[in-house]
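When a ligand or atom number is given, it counts from 1 through the structure's own listing order.
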Amino acid sequence: MQSMVVILGTGGTIAGVAPPGASDLAYQAAQLGIDALVAAVPALQGQPLEAEQVAQLDSKDMTHALWQLLARRVAHHLARDEVRGIVVTHGTDTMEETAWLLQRVLAPAKPVVLTGAMRPASSRQADGPRNLADAVALAQEEGAHGVLVALAGAVHGAADVRKAHAHRLDAFGSGDVGPLGRFEEGRLQRLRAWPSGDGLGIAVLDAPPATWPAVEIVTSHAGASGALIDALARNGTRGVVIAATGNGTVHEAIELALERAAWAGLQVMRATRCGDGAVLDATGTGAAWPAAGALSPAKARVELLLRLLAAQQGTATSPT
Ligand code: SIN
């Protein structure tokens, strides 16, 4: 019988503390352990939960090594018959990247729910406890699967979710397609289907993180030059995501540099630097390089990294 929810702590503002009297924005992330976060939520007491501290960091400092460790811990717990779902507490700043990594690697048949907070645990308006309670409820939801993000009463899928606001409590959105569901009075109202797609498998992350291919993001903008691309090609970078203008268009100086970089085997992917909307197939400037669809530039970087890792291992990748 599956009833257990495993909560993996990684830090973030949800585990943050501000000094007495300080503003809610002047806090230190990743101060409280996962046991303390669970103990602060009355609705979770007496529930079949396990908590494990996987990391303790401000998610702006997320590393490939921690991604490898987290993905392995999630895969380990997903394989346990008694586990119904997983919750990961995570900083909001790179949550969308971790969500996409876990979805593309594991494509879990059980729910893996990332949650966090926009106010530290010490705040009088702390949003973490409500978010954590919702995330656990989502991890227990009948039929739920895939990697999900639960924050501010909304449920997002890993492919569409973006952090869209710097400090509002409801900082996350799913753009044009909207959230997968919403919690209303503690009950989930589902609006769209759970995430689907095949996973690459945990073995795609097996290589030592120090050997993972370097993948960078370069923004196309007015007055751009090809200097960054030239430098990346020279220093052995394997992939570059262009945070492109509009529907994936690229400044001609960057295009020329990308053509020059062909000798270096640099793999290119185009995402839009617009806050919303997918890059649709079109002809014209930049169209020679694959488009990242609705993935944000940061998530497109994860996608390109995984494709390069899979190619290194000879594993086929399926389109997103
Ligand atoms: C972080 O991403 O770890 C800090 C910011 C946040 O959680 O909102």
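Grouping Ile, Leu, Val, Met, Phe, Trp and Tyr residues whose side-chain heavy atoms lie under 4.5 Å apart, directly or via other members, places Val113 in a hydrophobic cluster with Val5, Ile7, Ile14, Val17, Leu32, Ile34, Leu37, Val38, Val41, Leu44, Leu49, Val87, Leu132, Val136, Leu138, Leu148, Val155, Leu180, Phe183, Leu188, Trp194. Grouping Ile, Leu, Val, Met, Phe, Trp and Tyr by side-chain contacts under 4.5 Å, direct or through others, leaves Leu280 on its own.
Under the 4.5 Å side-chain criterion, counting only non-hydrogen atoms from C-beta, Glu52 is in contact with Val54.
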Table of N or O contacts for ligand 1, cutoff 3.5 Å:
from     : atom 1 : to     : atom 2 : distance (Å)
ligand 1 : 2 (O)  : Ser59  : OG     : 2.6
ligand 1 : 2 (O)  : Thr92  : N      : 3.3
ligand 1 : 2 (O)  : Asp93  : N      : 3.0
ligand 1 : 3 (O)  : Asp58  : OD1    : 3.2
ligand 1 : 3 (O)  : Ser59  : N      : 2.6
ligand 1 : 7 (O)  : Thr13  : N      : 3.0
ligand 1 : 7 (O)  : Thr13  : OG1    : 3.0
ligand 1 : 7 (O)  : Thr92  : N      : 2.9
ligand 1 : 8 (O)  : Thr13  : OG1    : 3.1
ligand 1 : 8 (O)  : Thr92  : OG1    : 2.5
ligand 1 : 8 (O)  : Ala117 : O      : 3.3

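A salt bridge (charged side-chain N to carboxylate O under 4.0 Å, His left out) with Glu50 is found for exactly one of Arg84, Arg80, Arg73, namely Arg80.
Distance check: Arg270 CZ to Leu295 CG gives 13.0 Å after rounding to the nearest 0.5 Å.
With sequence neighbours left out, the ring pair (Phe, Tyr, Trp, His ring centres under 6.0 Å) criterion links His221 to no other residue.
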